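Worksheet: one structure, shown below.
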Amino acid sequence: MATLMGQKVVVVGGSSGIGLGVAAAALKSGADVVIIGRSPGKLQAAEQALAAEGRVRAIAGDMTQEAEIALVFNEIGAFDHLVSTAGPPPPGDPIDETEMDAVRRFIDNKLVGAVMLAKHAVRTLRTGGSMTFTSGINKDRPPVPGGAVVSAIAGSFSYFATALSLELAPTRVNVISPGWVDTPLFDELVGEAKSGYFEDMAARLPAGKIATPADIAPAYVYAMESDFTTGETIHIDGGQRLI
Ligand SMILES: NC(=O)c1ccc[n+]([C@@H]2O[C@H](COP(=O)([O-])OP(=O)(O)OC[C@H]3O[C@@H](n4cnc5c(N)ncnc54)[C@H](OP(=O)(O)O)[C@@H]3O)[C@@H](O)[C@H]2O)c1
């Protein structure tokens with residue numbers, strides 16, 4: 001098992017939620033961390049919040065824009081681990097009301113964006129490094145109705161990582177699949193209804209609580225550090241797949 005001490009970790013989506021938790025955990029493990037997101041305001045707030053934990057740098061970039069992503073990786077130079085937690089709230093309409101532009105935007109951001117990150121990261125990722133992407137519980141327990149699109153896209157990440165782990169070996173490629181996590185994305189999705197949903201789910205979950213980003217981050221640290229884990233989807237959902 002390697003450690004993150006002195007390694008450079010790039011977290012796309014590191015300005016909020018799960019990614020912010022991963023950035024904090026990587027810093028605590030001794031890594032230098034670069035966080036990437038679109039909003040300069042979120043990046044600045046995150047950089048300030050993380051500064052006490054270690055060496056962090058924020059770079060603005062949109063993973064749907066290939067020229068921007070190429071520039072971002074040029075600016076970062078050689079690095080050891082790519083983590084992507086970036087993604088917008090998923091579309092959630094029943095299939096007969098599905099708005100095709102919203103579906104295309106979601107796929108472009110979440111899946112095409114991940115392909116684009118892999119394409120540009122691989123040029124400067126050091127040997128022995130890793131890529132870790134994010135899927136989620138919606139592929140196993142989709143909201144019904146309205147979960148078909150997010151389920152299909154989240155499910156595709158396991159196949160993406162398996163194929164890429166063979167193509168890029170010895171670079172390791174893994175996926176983390178979280179259950180519900182208390183982040184700004186959830187506020188955006190359900191607003192004030194959040195506390196009711198969380199109370200109900202916490203009572204049903206084997207783990208007995210809703211995760212915070214700090215509960216999920218160790219799975220990403222494990223995926224980066226474990227030099228014998230590749231092509232894997234790691235579920236960290238408090239038992240949500242079982243209920
Ligand atoms: N929260 C949950 O319960 C949960 C459960 C399972 C899976 N997930 C998945 O985990 C991922 C992270 O969720 P989260 O809850 O941490 O969300 P979040 O708090 O909204 O954070 C999302 C991050 O991604 C960035 N981002 C979004 N689109 C981007 C783009 N095109 N280019 C670059 N950065 C982009 C955001 O910054 P900007 O907006 O400034 O770009 C932000 O830093 C999502 O894909 C979500 O589907 C979440």
Side-chain angles (χ1 to χ4, degrees), residues 10-25 33-47 49-50 56 58-73 82-92 105-117 120-121 132-143 147 149-158 175-190 194 197-198 201-202 205 209-217 219-220 233-238 240-241:
V10 175
V11 185
V12 185
S15 63
S16 177
I18 299 171
L20 184 56
V22 175
V33 172
V34 181
I35 56 171
I36 296 166
R38 293 164 302 182
S39 148
K42 281 193 220 172
L43 283 169
Q44 200 184 11
E47 201 177 11
L50 292 168
V56 62
I59 305 180
D62 182 340
M63 69 193 262
T64 65
Q65 304 300 317
E66 185 158 17
E68 268 183 42
I69 290 305
L71 279 176
V72 165
F73 282 110
L82 170 72
V83 169
S84 178
T85 64
R105 274 197 305 276
F106 181 65
I107 293 174
D108 197 39
N109 199 333
K110 183 81 187 166
L111 183 58
V112 180
V115 175
M116 202 130 78
L117 291 177
H120 289 279
T132 307
F133 298 96
T134 304
S135 64
I137 188 68
N138 277 340
K139 69 186 178 324
D140 309 296
R141 289 284 177 273
V149 172
V150 64
S151 182
I153 301 311
S156 71
F157 272 87
S158 296
V175 176
I176 306 300
S177 178
W180 285 8
V181 190
D182 191 358
T183 70
L185 180 126
F186 229 102
D187 293 299
E188 212 175 319
L189 270 176
V190 297
K194 183 179 88 169
Y197 280 120
F198 277 6
M201 180 57 80
L205 276 180
K209 64 167 193 171
I210 299 296
T212 64
D215 294 318
I216 303 298
Y220 289 84
T233 295
I234 300 170
H235 297 90
I236 177 157
D237 58 19
Q240 196 169 343
R241 277 173 309 147

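Each ligand, and each atom within it, is numbered from 1 in the order the structure gives. All of these numbers come straight from a predicted model, not from anything done at the bench. For the numbers below, each heavy atom of this structure counts, side chains included, while hydrogens, waters and symmetry mates do not. By convention here, the first residue in the shown sequence is residue 1.
Residue Thr64 has no nitrogen or oxygen atom sitting less than 3.5 Å from a nitrogen or oxygen atom of ligand 1, judged on distance alone. Remark: ligand 1 and Val181 share an N or O pair separated by less than 3.5 Å (distance only, no angle test). For ligand 1, none of its N or O atoms has an N or O atom of Ile137 under 3.5 Å away.
Nearest protein neighbour of atom 48 (C) of ligand 1, counting heavy atoms only, is Ile18 CD1, 3.8 Å. The closest protein non-hydrogen atom to atom 26 (N) of ligand 1 is Ala86 CB, 3.7 Å. Closest protein heavy atom to atom 18 (P) of ligand 1: Ser16 OG, 3.5 Å. Residue, atom and distance of the protein heavy atom nearest to atom 25 (C) of ligand 1 are Gly13 CA, 3.8 Å. For atom 6 (C) of ligand 1, the closest heavy atom belonging to the protein is Pro178 O, 3.4 Å. Here the protein heavy atom with the shortest distance to atom 34 (N) of ligand 1 is Gly37 CA, 3.6 Å. Nearest non-hydrogen protein atom to atom 29 (C) of ligand 1 is Arg38 NE, 3.5 Å. Ranking protein heavy atoms by distance to atom 20 (O) of ligand 1, first place goes to Leu185 CB, 3.5 Å.
In plain terms, the two heavy atoms of Asn109 and Met63 that are nearest each other are O-CE, 3.2 Å. Taking each heavy atom of Val149 and Phe106 in turn, the nearest pair found is CG1-CD2, 4.2 Å. Nearest heavy atom pair, residue Asp140 against residue Ser177, reads OD2-OG, 4.2 Å. Heavy-atom minimum distance, Thr85 versus Gly19: OG1-CA, 3.3 Å.
Looking at Ala154, Gly61, Ser135, Gly179 and measuring to atom 4 (C) of ligand 1, the nearest heavy atom belongs to Gly179. Heavy-atom proximity to atom 37 (O) of ligand 1, evaluated over Gly21, Gly136, Ser15, is greatest for Ser15. In this comparison of Ile236, Ile176, Thr183, the heavy atom closest to atom 15 (O) of ligand 1 sits on Thr183. Looking at Gly87, Pro184, Gly14, Ala23 and measuring to atom 22 (C) of ligand 1, the nearest heavy atom belongs to Gly87. In the candidate list Ile69, Thr85, Thr134, Thr85 is nearest to atom 44 (C) of ligand 1, counting heavy atoms.
Taking OH of Tyr197 as the start and CZ of Phe186 as the end, the distance is 8.5 Å to the nearest 0.5 Å. The CZ atom of Phe198 lies 10.5 Å from the CG atom of Leu205; values are rounded to the nearest 0.5 Å. Atom NZ in Lys139 sits 6.5 Å away from atom OG1 in Thr233 (nearest 0.5 Å).
Residue contacts with ligand 1 leave out Pro88, since none of its heavy atoms falls under 4.0 Å from the ligand. Remark: distances from the non-hydrogen atoms of Glu188 to ligand 1 are all 4.0 Å or more.
Interface of Lys110 with ligand 1, defined as ligand atoms under 4.0 Å from a residue heavy atom, comprises 44 (C), 45 (O). For ligand 1, the atoms sitting less than 4.0 Å from at least one non-hydrogen atom of Gly17 are 16 (O), 19 (O), numbered in the order shown with element in parentheses. If you number the atoms of ligand 1 from 1 as listed, the ones under 4.0 Å from a heavy atom of Phe186 come out as 3 (O). Set against the non-hydrogen atoms of Trp180, the atoms of ligand 1 under 4.0 Å away are 3 (O). Less than 4.0 angstrom separates some heavy atom of Lys42 from each of these atoms of ligand 1: 37 (O), 38 (P), 39 (O), 40 (O). Every atom of ligand 1 is numbered from 1 in the order shown, and the set under 4.0 Å from a heavy atom of Met63 is 30 (C), 31 (N), 32 (N), 33 (C).
You'll find the side chain of Thr134 reaches within 4.5 Å of the side chain of Lys110, heavy atoms only. When side chains are defined from C-beta on, Val150 does not count as touching Pro142, because their heavy atoms never get closer than 4.5 Å. By the 4.5 Å heavy-atom criterion applied to side chains, Phe73 and Leu117 are counted as neighbours.
Under the side-chain contact (heavy atoms from CB on, under 4.5 Å) test applied with Val22, the options Ile35, Ile216, Val83, Val33 reduce to a single match, Val83.
No hydrogens or angles considered: a donor-acceptor pair under 3.5 Å links the side chains of Glu66 and His120.
With sequence neighbours excluded, the residues satisfying side-chain hydrogen bond (donor to acceptor under 3.5 Å, both in side chains) with Asp62 are Thr64.
Checked by atom type and distance alone, the side chain of Ser135 never pairs as donor or acceptor with a backbone atom of Gly155 at under 3.5 Å.
Both the backbone and the side chain of Asp62 come within 4.0 Å of ligand 1, counting heavy atoms alone.
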For the pair Lys209 and Asp215, evaluate salt bridge (charged side-chain N to carboxylate O under 4.0 Å, His left out) and give the outcome as yes or no after the intermediate values.
CA-CA 11 Å; Lys209 64 167 193 171; Asp215 294 318; 3.1 Å; yes
